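Everything below concerns the one structure shown next.
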Amino acid sequence: MKLQMVDVVGQYRHIKREVDDAIRSVLDSGMFIQGKEVGEFECEVAGYLGVKSAVACASGTDALQIAMMALGIGPGDEVITTPFTFVATAETIGILGAKPVYVDIDPRTFNIDPALIEAAITPRTRAIIPVHLYGQPADMDPLLAVARSRSVPVIEDAAQAMGASCNGRKVCSLGTVGCISFFPSKNLGCFGDGGMVVTNDAALAESMRVIAAHGSRVRYYHEVLGLNSRLDTLQAAILRVKLPHLEEYNCARRKAASRYNELLTGLPVTVPFVAPGADHIFHQYTLRVPKRDGLAAFLREKGIPHGIYYPVPLHLQKAFAMSGGKKGDFPVTERATEEVISLPIHTELTDEHLKFITGSVREFYA
Ligand SMILES: *Cc1c(COP(=O)(O)O)cnc(C)c1O
């Protein structure tokens with residue numbers, strides 16, 4: 001049985017004709033940069049999320065950087081985030097000369113623990129970046145309450161959570177800015193790199209649009225230092241075909257997750273916890289397990305792909321050595337890095353796949 005962590009080709013096959021037509025029409029137009037599909041896709045995403053403005057950019061990483069640049073974050077500033085995330089969340093803070101200030105996670109959701117945020121706020125805190133890890137919304141209500149009471153903007157890293165919602169409201173529409181990634185393996189993936197920032201603040205949207213376009217509003221007149229960060233017209237055209245399928249894609253992932261839960265019953269593994277009010281879209285299906293590295297080796301032998309997201313917490317990464325993080329600083333995160341393992345999850349999984357994968361997990365613990 002051939003298994004993949006994500007099956008991007010299988011998903012493409014179902015919409016091949018529409019995608020191929022969309023690509024061909026861009027090729028015929030010759031408008032590879034800032035073609036009409038980019039603006040159309042921005043409007044469609046804004047409508048889908050229920051936000052006023054959306055600005056496309058080159059990646060989820062750029063989305064985070066553009067959001068922070070527009071908020072004026074730079075040297076000497078502090079940005080609060082989680083140490084249990086993909087490097088881009090904190091890398092962009094560091095690249096701007098600001099300092100990531102980590103707050104430990106909730107052991108059940110793996111998301112930033114809002115109860116610990118207040119104590120991490122200082123007069124230098126310029127933003128809080130919750131990450132909706134694995135597709136589950138962070139606990140936003142208490143987080144937003146702290147942020148509001150201290151007048152700190154909130155940047156949602158929704159790279160893994162496009163379409164997820166929190167008490168009926170889509171993530172990305174909850175904080176000051178939402179950042180999305182269209183990396184191929186994300187829930188709404190394009191065929192290369194792509195990203196977007198969204199907000200209800202018109203002035204901030206305008207500022208992000210200028211920053212993404214070399215700091216320029218009028219060609220060759222540059223108001224601020226910016227980036228070359230654009231979504232290709234080709235990617236926008238592909239994403240326009242895929243966006244109407246996003247709900248169905250997320251639903252397929254949710255179904256696979258609940259089938260996994262059933263099939264793993266009785267094993268010494270902890271299946272994903274879904275917080276009340278959270279609509280988890282299962283970018284990853286992540287277990288907490290005993291003998292994690294043994295299970296990983298066993299699955300590898302069986303040809304079952306799996307992922308460890310993430311094996312090293314950010315405060316212990318070499319790239320952040322200057323921040324002086326040490327073992328023991330964030331015990332809940334450190335324990336998670338030793339116990340998590342993610343099983344394949346995507347829109348093309350069959351019951352046979354799921355039975356084979358969970359059968360092998362069962363075999364390991366027998
Ligand atoms: C994927 C990801 C990013 C970065 O997105 P890219 O489009 O790959 O640059 C940022 N944050 C998190 C949590 C991610 O998973």
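Computed from heavy atoms alone, side chains included, the values below leave out hydrogens, waters and symmetry copies. Quantities reported herein were computed from a predicted structural model and do not represent experimental measurements. When a ligand or atom number is given, it counts from 1 through the structure's own listing order.
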- Message: Please list the nearest protein heavy atom to atom 15 (O) of ligand 1 with its residue and the distance rounded to 0.1 Å.
- Response: Gln160 NE2, 2.8 Å
- Task: May I ask you to decide if the ring planes of Phe86 and Tyr310 are parallel, tilted or perpendicular, using 30° and 60° as cut-offs?
- Result: tilted
- Show which atoms of ligand 1 fall inside a sub-4.0 Å distance from at least one heavy-atom site of Thr85. 13 (C)
- Counting both backbone and side chain atoms, is some N or O of Asp193 under 3.5 Å from an N or O of ligand 1? no
- Item | Ion pair Glu262/Arg259, N-O distance below 4.0 Å | yes
- Message: Below 30° counts as parallel, above 60° as perpendicular, anything between as tilted: where do the rings of Tyr220 and His222 land?
- Response: perpendicular
- Query: Do you reckon Val171 sits in the same ILVMFWY cluster as Val197, going by side-chain contacts under 4.5 Å, direct or chained?
  - Reply: no
- Task: Starting from atom 11 (N) of ligand 1, find the nearest protein heavy-atom neighbour and note its residue, name and distance.
- Result: Asp157 OD2, 2.8 Å
- Aromatic rings Tyr134 and Phe84: how do their planes relate, parallel, tilted or perpendicular, breaks at 30° and 60°? perpendicular
- Val131 contact mode with ligand 1 (heavy-atom cut-off under 4.0 Å): side chain
- So which heavy atom in the protein is nearest atom 1 (C) of ligand 1, and how far is it from that ligand atom? Lys186 NZ, 1.5 Å
- Note on the structure: In ligand 1, the atoms that come under 4.0 Å of a heavy atom of Ala88 are 4 (C), 10 (C)
- Task: Determine, step by step, whether Arg17 and Asp20 satisfy the salt bridge (charged side-chain N to carboxylate O under 4.0 Å, His left out) criterion, reporting the C-alpha distance in whole Å, the side-chain angles of both residues, the deciding distance to 0.1 Å, and the verdict.
- Result: CA-CA 5 Å; Arg17 189 169 310 155; Asp20 292 359; over 6 Å; no
- Considering only non-hydrogen protein atoms, determine which one is nearest to atom 9 (O) of ligand 1 and report residue, atom name and distance to 0.1 Å. Thr61 OG1, 2.5 Å
- Does Ser59 approach ligand 1 within less than 4.0 angstrom via side chain, backbone, both or neither, non-hydrogen atoms only? both
- Would you say the side-chain atoms of His353 and Glu348 include a donor-acceptor pair closer than 3.5 Å? no
